[in-house]
A.B. asks: 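Can you keep this structure in mind? I'll have questions shortly.
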Amino acid sequence: MSTDGLAVTLRELAWVIHKRIPERAGVGPLPTTEVALLKQVIDGPGQTVGELSAALGLRQPNTSAALRVLTSRGLVVRSADAADRRTSRIHPTEEGRREHEAIAAAWAASVDDALDTLPESDRSALTNAAGALSALARAMHAAE
């Protein structure tokens with residue numbers, strides 16, 4: 001498989017996982033942007049809207065709209081920055097952490113279930129590629 005073929009395959013795999021997971025996790029419909037934003041808030045609590053936008057490659061209005069959804073669902077809260085009251089810091093709620101954990105567990109279960117349907121040779125190849133895929137993810141993050 002060419003690197004172009006690998007890139008397309010990884011994109012398709014990511015898309016299939018992203019679009020099915022919130023429903024499977026029992027958290028209801030949660031668009032991909034909100035799932036990514038919730039994860040970013042949990043991974044780095046206290047970020048500003050601008051910082052979240054930059055980290056996810058989103059425009060600030062899109063980030064703000066997604067944050068309104070997450071806030072209305074009780075998954076994140078805004079708090080005023082102690083040094084600059086005009087700036088809001090975004091933090092996950094306990095409910096947000098629980099939903100994120102449910103999504104992560106459903107994500108893993110979905111992949112595990114699909115892996116169980118594959119022949120042993122494919123499962124082994126994918127398991128052996130995990131380290132290289134992690135290195136690829138780190139390289140892509142470093143290039144951001």
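All values reported here derive from a predicted model rather than from experimental measurement.
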A.B. asks: To the closest 0.5 Å, what do you measure between CE (Met140) and CG (Leu136)?
C.D. replies: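 Between atom CE of Met140 and atom CG of Leu136 there are 6.0 Å.
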
A.B. asks: Gly50 and Gln60: which non-hydrogen atoms are nearest, and at how many Å?
C.D. replies: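 Closest pair (atom of Gly50, atom of Gln60, distance): CA-NE2, 2.8 Å.
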
A.B. asks: Mind checking whether Val49 and Leu67 have side chains closer than 4.5 Å, heavy atoms only?
C.D. replies: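 SC-SC contact between Val49 and Leu67 confirmed.
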
A.B. asks: What heavy-atom pair brings Gly74 and Glu95 nearest, and what distance separates the two atoms?
C.D. replies: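 Smallest heavy-atom distance, with atoms named: O-CB, 3.7 Å.
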
A.B. asks: Is the shortest side-chain N to carboxylate O distance from Arg73 to Glu99 below 4.0 Å?
C.D. replies: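 Salt bridge present between Arg73 and Glu99.
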
A.B. asks: One pair to check against salt bridge (Lys or Arg N to Asp or Glu O under 4.0 Å): Glu51 and Arg89. What are the steps and the verdict?
C.D. replies: CA-CA 10 Å; Glu51 291 166 342; Arg89 299 283 174 180; 3.3 Å; yes

A.B. asks: Should Ser79 and His91 be marked as a side-chain contact (heavy atoms from CB on, under 4.5 Å) after you check the CA-CA gap, both sets of side-chain angles, and the distance that decides it?
C.D. replies: CA-CA 8 Å; Ser79 61; His91 298 274; 3.3 Å; yes

A.B. asks: Under a 4.5 Å cut-off applied to non-hydrogen side-chain atoms, are Leu75 and Glu34 in contact?
C.D. replies: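 No, every pair of side-chain atoms sits at 4.5 Å or beyond.
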
A.B. asks: Grab the two heavy atoms, one from Pro45 and one from Asp43, that are nearest each other, plus how far apart they are.
C.D. replies: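 So the minimum-distance heavy-atom pair works out to CD-C, 3.7 Å.
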
A.B. asks: Kindly compute the distance separating OG1 (Thr63) from CG (Leu58), expressed to the nearest 0.5 Å.
C.D. replies: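 Taking OG1 in Thr63 and CG in Leu58, the distance rounds to 4.0 Å.
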
A.B. asks: Do the side chain of Asn128 and the main chain of Ser124 share a donor and acceptor less than 3.5 angstrom apart?
C.D. replies: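 Yes: the side chain of Asn128 pairs with the backbone of Ser124.
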
A.B. asks: To the nearest 0.5 Å, what is the distance between CG (Leu13) and CG (Leu126)?
C.D. replies: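 Interatomic distance, Leu13 CG to Leu126 CG, rounded to 0.5 Å: 9.0 Å.
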
A.B. asks: List the atom of Leu37, the atom of Ala66, and the distance in Å for their closest heavy-atom pair.
C.D. replies: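 In this case the closest contact between Leu37 and Ala66 is CD2-CB, 3.6 Å.
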
A.B. asks: Under the salt bridge (Lys or Arg N to Asp or Glu O under 4.0 Å) rule, collect the residues that match up with Arg11, sequence neighbours excluded.
C.D. replies: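 Per chain and number, Arg11 pairs via salt bridge (Lys or Arg N to Asp or Glu O under 4.0 Å) with no residue.
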
A.B. asks: Measure from the side-chain N and O atoms of Ser110 to the backbone N and O of Trp107, and report whether any donor-acceptor pair falls under 3.5 Å.
C.D. replies: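 Not confirmed, Ser110 side chain does not pair with Trp107 backbone.
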
A.B. asks: Does Val111 form a side-chain contact (heavy atoms from CB on, under 4.5 Å) with Leu115? I'd like the steps, not just the answer.
C.D. replies: CA-CA 6 Å; Val111 172; Leu115 282 171; 3.9 Å; yes

A.B. asks: Which value, rounded to the nearest 0.5 Å, describes the distance between Arg59 atom CZ and Ser64 atom OG?
C.D. replies: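 It is 10.5 Å, given to the nearest 0.5 Å.
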
A.B. asks: Would you name the heavy atoms of Ala55 and Gln40 that are closest together and state the gap between them?
C.D. replies: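 Closest approach of Ala55 to Gln40: CB-NE2, 3.5 Å.
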
A.B. asks: Can Arg98 and Glu101 be counted as an ion pair, charged N to O under 4.0 angstrom?
C.D. replies: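 Between Glu101 and Arg98 there is no salt bridge, as every charged N stays at least 4.0 Å from the carboxylate O atoms.
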
A.B. asks: Indicate the atoms forming the closest heavy-atom contact of Asp116 with Arg123, along with that distance.
C.D. replies: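 Shortest heavy-atom separation between Asp116 and Arg123 comes out as O-NH1, 3.8 Å.
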
A.B. asks: Does Glu12 use its side chain to pair, donor to acceptor, with the backbone of Thr9 at less than 3.5 Å?
C.D. replies: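 Looks like no, no N/O pair under 3.5 Å.
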
A.B. asks: Check salt bridge (Lys or Arg N to Asp or Glu O under 4.0 Å) between Arg68 and all other residues, then give those that pass, not counting sequence neighbours.
C.D. replies: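 Residues passing salt bridge (Lys or Arg N to Asp or Glu O under 4.0 Å) with Arg68: none at all.
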
A.B. asks: Among all residues two or more places apart in sequence or in another chain, which pass the salt bridge (Lys or Arg N to Asp or Glu O under 4.0 Å) test with Asp84?
C.D. replies: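 Residues passing salt bridge (Lys or Arg N to Asp or Glu O under 4.0 Å) with Asp84: Arg86.
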
A.B. asks: For the residue pair Ile90 and Thr71, establish whether any side-chain heavy-atom pair is separated by less than 4.5 Å.
C.D. replies: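 Ile90 vs Thr71: side chains apart.
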
A.B. asks: Report the C-alpha separation of Leu133 and Leu10 in whole Å, then their side-chain angles, then the decisive distance to 0.1 Å, and conclude whether the side-chain contact (heavy atoms from CB on, under 4.5 Å) test is met.
C.D. replies: CA-CA 10 Å; Leu133 290 169; Leu10 290 173; 4.2 Å; yes

A.B. asks: Using the rule given for side-chain contact (heavy atoms from CB on, under 4.5 Å), can you reason through Val76 versus Thr93, listing the C-alpha separation, both sets of side-chain angles and the distance that settles it, and then say yes or no?
C.D. replies: CA-CA 5 Å; Val76 301; Thr93 63; 5.5 Å; no

A.B. asks: Are Ile42 and Leu56 linked, directly or through intermediate hydrophobic residues, by side-chain heavy-atom contacts shorter than 4.5 Å (ILVMFWY only)?
C.D. replies: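 Same cluster: Leu56 reaches Ile42 through Ile, Leu, Val, Met, Phe, Trp or Tyr contacts under 4.5 Å.
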
